[in-house]
Amino acid sequence: MRIWSMLLSLSLLLAVAIASGAEEELPLVTSGLNGLPEIEFAKLSQQDLNPLGAKALALHPEQWKHGETEHFIYHFTRSFVATSVSIEAEFHYRVVAKELQREQPPGDTKSHIYIFDKTEDWQEFQSLGKLEKWTGGIHSAGSLFIRRDPRNKFAGNTLGHEVAHLIMHRFYSEGVPCWLDEGFAQYVSKGARASYQRARGYIAKPRSHSISAADLIPLKALVAFLDPPPDRVETFYDESERLVRFLVATDKPSFLALLDALGRHQPFEKAFLRIYAGRFASAAVFEERFREYAAKDAATSETDGG
Ligand SMILES: [Zn+2]
């Protein structure tokens, strides 16, 4: 049973405020003056072509408000909720773009984020979209739909995970394999939390879940899934995160080259053997090393989350 780690959001607000010279007050304590400015729907710089977006806005159309920041457009019902989301989203944008070592091309489209802060509305919407069970959000064709409970708005790394998907989709518009998309989103959102904690004086490393050899999904099967396997969702996420972590740790430039190759839909094994040539004697040796790596730190995995 996983409970996503706490702390991230409030911490990020503080970290962002500090990093940006604290020119803006924390949205926590604002009453609107420093909140995300509301923009009329017709005056947004871009419209969302995603049909799921239109469906979301059609649910209780009178209650939606809109706003935008440098990389995102927000649809929301309460400004203070949207304000905290917007600050976190831009923070995560910077973290992920840095991790991918890429800058957004000028004039690129903004991603739309739909924020549901009422359970009833979210449940109603869920029946229209495909929910990603482990994160409480849906990313679909470059747009993001999230449930954001204002009472718990400072919990979880959901937003970091989902923003990673959005950015991955921008940079690799033809899609990347499921393991890589989910594994990278987990890897980078855990890293963002840890870097915040370090900034606050904690000795923190990203916590990654280990997987025992008996539970591992064979790599051939892992890289072939189009969706997380329903009966092994948790293992799929943990193992995908571990695989990304292992590939990055082995050689970051090679990982980025592999990402580019898989983003062009090259088969995993062929691309891997070409790009990581010289690092592992064969695919079998690589899998053996990965199994050892995946099983590390078994004792700490139970304490993750909170
Ligand atoms: Zn995901």
Side-chain angles (χ1 to χ4, degrees), residues 4 8-9 12-13 27 32 35-93 96 104 108-171 173 175 181-182 185 189 192 227:
W4 290 116
L8 181 62
S9 307
L12 287 183
L13 297 182
L36 180 70
E38 203 180 316
I39 299 175
E40 239 177 85
F41 183 71
K43 291 186 177 162
L44 290 170
S45 68
Q46 295 165 19
Q47 299 294 326
D48 193 0
L49 301 179
N50 186 335
L52 205 51
K55 285 182 182 175
L57 296 180
L59 294 172
H60 313 289
E62 71 289 349
Q63 73 182 9
W64 289 102
K65 298 173 185 171
H66 318 276
E68 61 183 281
T69 56
E70 188 180 356
H71 299 102
F72 302 96
I73 291 175
Y74 310 89
H75 308 277
F76 55 93
T77 57
R78 283 189 274 182
S79 294
F80 77 96
V81 180
T83 298
S84 68
V85 169
S86 69
I87 290 171
E88 273 188 63
E90 289 291 347
F91 173 87
H92 287 296
Y93 182 90
V96 175
Q104 170 161 295
D108 198 0
T109 51
K110 297 185 179 188
S111 308
H112 289 253
I113 299 180
Y114 298 80
I115 305 160
F116 294 80
D117 62 18
K118 286 188 195 137
T119 304
E120 320 82 87
D121 294 353
W122 177 244
Q123 285 169 346
E124 201 176 337
F125 177 73
Q126 273 183 319
S127 61
L128 300 173
K130 187 178 153 202
L131 179 69
E132 189 183 5
K133 289 176 193 161
W134 292 87
T135 62
I138 302 170
H139 55 98
S140 163
S143 302
L144 172 61
F145 304 86
I146 51 167
R147 163 85 177 103
R148 187 82 162 181
D149 185 341
R151 288 166 303 178
N152 298 318
K153 66 181 184 294
F154 301 123
N157 73 336
T158 299
L159 194 64
H161 177 103
E162 297 297 342
V163 166
H165 284 317
L166 287 183
I167 296 166
M168 194 71 115
H169 186 270
R170 281 179 204 228
F171 292 151
S173 54
D181 204 12
E182 297 304 341
S189 58
D227 289 301

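Heavy-atom basis, side chains included; hydrogens, waters and symmetry copies ignored. Computed from a predicted structure; not experimentally measured.
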Inset, instruction - With sequence neighbours excluded, tell me which residues meet side-chain hydrogen bond (donor to acceptor under 3.5 Å, both in side chains) with S111. - result: R170

Inset, instruction - Determine the minimum heavy-atom distance between G53 and F145, stating which atoms define it. - result: N-CZ, 3.7 Å

Inset, instruction - Please examine the side chains of V85 and F72, heavy atoms only from C-beta on, and report whether any two atoms are closer than 4.5 Å. - result: no

Inset, instruction - Kindly write out the residues that satisfy side-chain hydrogen bond (donor to acceptor under 3.5 Å, both in side chains) with T69, not counting sequence neighbours, or none if the list is empty. - result: Y74, E90

Inset, instruction - Could you tell me whether E88 and R148 make a salt bridge, using a distance below 4.0 angstrom between a side-chain N and a carboxylate O? - result: yes

Inset, instruction - Compute whether any side-chain donor of one residue and acceptor of the other, for H165 and H169, lie under 3.5 angstrom apart. - result: no

Inset, instruction - Could you pull out all residues at least two apart from E68 that satisfy salt bridge (charged side-chain N to carboxylate O under 4.0 Å, His left out)? - result: K110

Inset, instruction - Can you see which heavy atom on A82 is nearest to which on L36, and at what distance? - result: CB-CD2, 3.9 Å

Legend entry - Nearest-0.5 Å distance, CD1 of residue I39 to CG of residue L44: 6.0 Å

Legend entry - Qualifying residues under ring pair (Phe, Tyr, Trp, His ring centres under 6.0 Å), relative to H75, sequence neighbours excluded: H66, H112, Y114

Inset, instruction - Quick one: which residue pairs count as a salt bridge (charged side-chain N to carboxylate O under 4.0 Å, His left out) with a foot in residues 43-53, not counting sequence neighbours? - result: E40-K43

Inset, instruction - On the 0 to 90° scale, with breaks at 30° and 60°, tag the F116-W64 ring pair as parallel, tilted or perpendicular. - result: perpendicular

Legend entry - Contact summary for F125 and A56, nearest pair of heavy atoms: CE1-CB, 3.7 Å

Inset, instruction - Check whether the side chains of H60 and E124 place a donor and an acceptor atom closer than 3.5 Å, and report yes or no. - result: yes

Legend entry - Exercise: identify the closest heavy-atom pair between I113 and A89: CD1-CB, 4.1 Å

Legend entry - Listed partners of D181 passing salt bridge (charged side-chain N to carboxylate O under 4.0 Å, His left out), at least two apart: none

Legend entry - Heavy-atom pair with the smallest gap, counting every atom of A185 and A164: CA-CB, 3.7 Å

Inset, instruction - Go through the structure and list residues passing side chain to side chain contact (heavy atoms under 4.5 Å, CB included) with Q123, not counting sequence neighbours. - result: T119, Q126

Legend entry - side-chain hydrogen bond (donor to acceptor under 3.5 Å, both in side chains) partners for Q47, two or more places apart: none

Inset, instruction - List for me each residue that meets salt bridge (charged side-chain N to carboxylate O under 4.0 Å, His left out) alongside E120, sequence neighbours excluded, and say none if there are none. - result: none

Legend entry - Rounded distance (nearest 0.5 Å) linking atom CG of L159 with atom OG of S86: 10.0 Å

Legend entry - Taking every non-hydrogen atom, the tightest pair across L59 and D121: CD1-O, 4.4 Å

Legend entry - Spacing of T77 atom OG1 and Q63 atom CD [to the nearest 0.5 Å]: 5.5 Å

Legend entry - Side chains of E162 and H92 in contact at under 4.5 Å (non-hydrogen atoms): no

Inset, instruction - Drop me the distance from I146's CD1 to I115's CD1, to the nearest 0.5 angstrom. - result: 5.0 Å

